[in-house]
Amino acid sequence: MKDSHIDLLATLFCGQCFGWKEEQGVFQSVVNGRLITFTEDTFLATLAGNGDLIRYFDMDGEYEMAKAHLRKLDPTMAKAVDRFAGLHILNQDPWEVLVCFILSQNNNIARIRQMYCRLTEAYGSPVGAGWHSFPTAAQMQDVSEEDLRRLGMGFRAPYLLDAIAQNSLLEEIPSLPFDEALHHLMTIRGVGPKVGQCILLYGFHRMEAFPMDTWMKKIMLRWYPTKDSQYFAPYAGLAQQYLFHYARTEAPV
DNA sequence: GGCCAGGCCCCAG
DNA sequence: CTGGGGCATGGC
């Protein structure tokens, strides 16, 4: 492992994923079909021998090099980096990310988490202790728009249906250049530039991605009025994550 | 009890 | 292509 330091609270609750729970220091979720349970103290032992978890938590990411680069850019970036130095960008299942960020539009994080949970309980597989895996596209193959509306998916229900129908499109993404990959994703209904870049960043680890939500627009206007994502290259995605989390938890934008 | 939420679709200019 | 209204739902 290149980087055994990770800020679990920041990483798991910064809005890049929606399936984790933390109660009294115990973290739980389902990763790659199995229930994972650990505390700050048992985290590294939990990873030992589990290559898929090491990858999921991005423990081999080049964070020291990236952070050194970003810190040098400007004082705002330096502060954001240092405040959340252990923030990792997870390597999540692209399908799960696609669904989550379709759900995210005009929505709040608390409710996205609730909708995520309902999907697992309705269509996922039981994995013990009352937990369910996130449903695969195959497991959702036969759901109807009305099923999804009954689950509280609202106007996003037809978007989810299109994502289910077109899920195999995800397989082509890794081999495509960034812009082509983004436009390919945007052929799915309910996937625009922001959701598409979230999928590329959180599902495919494309560091060029720079999701511009309402928070990031305010941040850019306030601190980087003449800049765009290129300013943070080649770590735009990570910079976005630091700034987003920093603005939401620390500094009034 | 309104307000608003990690936007996108759709339709008018 | 740019701008603005509408959108289901529930936490606050």
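Each chain gets a letter, A, B and so on, in the order the sequences are listed, and its residues count up from 1. Only heavy atoms go into these numbers, but all of them, side chains included; no hydrogens, no water, no symmetry mates.
Going from the P atom of dG6(B) to that of dG3(C) covers 24 Å, rounded to whole Å. dA8(C) and dC11(B) have their P atoms separated by 14 Å, with the value rounded to a whole Å.
Annotation for Asp147(A) and Tyr123(A): closest pair CB-OH, 3.5 Å, computed over non-hydrogen atoms. When every heavy atom of Val30(A) is checked against every heavy atom of His132(A), the shortest pair comes out as CG2-O, 3.6 Å.
Taking Phe27(A) as the reference, Phe38(A) meet the ring pair (Phe, Tyr, Trp, His ring centres under 6.0 Å) condition, with sequence neighbours excluded. Under the side chain to side chain contact (heavy atoms under 4.5 Å, CB included) criterion, Met212(A) pairs with Phe210(A), Met216(A), Lys217(A), Met220(A), sequence neighbours left out. Shown here are the side-chain hydrogen bond (donor to acceptor under 3.5 Å, both in side chains) partners of Glu145(A), two or more places apart in sequence or in another chain: Arg149(A). Here Glu171(A) pairs with Ser168(A) under the side chain to side chain contact (heavy atoms under 4.5 Å, CB included) rule; sequence neighbours left out.
Within 4.0 Å of Gly190(A), counting heavy atoms only, lie sugar-phosphate atoms of the nucleic acid but no base atom. Residue Gln197(A) is out of contact with every strand shown, counting any heavy-atom pair closer than 4.0 Å. In this structure, Tyr202(A) reaches the bases: a heavy-atom distance under 4.0 Å links it to at least one base atom across the strands shown. Across all strands shown, Cys14(A) has heavy atoms under 4.0 Å from base atoms, whether or not it also approaches the sugar-phosphate.
Listed nucleotides: dT9(C), dG11(C), dG6(B). Nearest to the side chain of Arg111(A): dT9(C). Picking from dG6(B), dC8(B), dA8(C) the nucleotide with the shortest atom distance to the side chain of Asn106(A) gives dA8(C).
In this structure, Arg189(A) reaches the dC10(B) phosphate: one of its side-chain N or O atoms is under 4.0 Å from OP1 or OP2. An OP1 or OP2 oxygen of dG6(B) is reached within less than 4.0 angstrom by no side-chain nitrogen or oxygen of Gln105(A). Using a 4.0 Å cut-off, no side-chain N or O of Ser104(A) falls inside it from OP1 or OP2 of dG7(B).
One interatomic measurement links the two molecules: CZ of Phe13(A) to C1' of dG6(B), which rounds to 17 Å at whole-angstrom precision. Here dG7(B) presents its P atom at 13 Å from CE of Met115(A), a figure rounded to the nearest Å. Distance Phe244(A) CZ to dG7(B) P: 8 Å, rounded to the nearest Å. Phe210(A) has its CZ atom 13 Å from the C1' atom of dG6(B), to the nearest Å. Separating the CE atom of Met186(A) from the P atom of dG7(B) is a distance of 15 Å, rounded to the nearest angstrom. Atom CE of Met216(A) and atom P of dA5(B) are 17 Å apart (whole Å). Here the P atom of nucleotide dC4(B) and the CD1 atom of Ile109(A) are 18 Å apart, to the nearest Å. As a whole-Å value, the separation of Ile112(A) CD1 from dA8(C) C1' is 14 Å.
For DNA chain B, if you chain together Watson-Crick or G-U pairs that step i with j, i+1 with j-1 and so on, the runs of at least three with distances under 3.5 Å are B:2-5 with C:9-12, B:7-13 with C:1-7.
Tyr63(A) and His88(A) have their aromatic ring centers within a separation under 6.0 angstrom.
When only modelled atom types and interatomic distance are considered, Tyr235(A) and Glu62(A) share no side-chain donor-acceptor pair under 3.5 Å.
Less than 4.0 Å separates DNA chain B from at least one heavy atom of each of the following residues of residues 148-159 of chain A: Phe155(A), Tyr159(A).
Using a distance-only test at 3.5 Å, with no hydrogens or angles considered, no donor-acceptor pair links the side chain of Arg206(A) to the main chain of Leu200(A).
The aromatic rings of Tyr231(A) and Tyr224(A) are tilted relative to each other, their planes meeting at an angle between 30° and 60°.
Of the two residues near DNA chain B, Val191(A) and Phe101(A), the one whose nearest nucleotide lies more 5' is Phe101(A).
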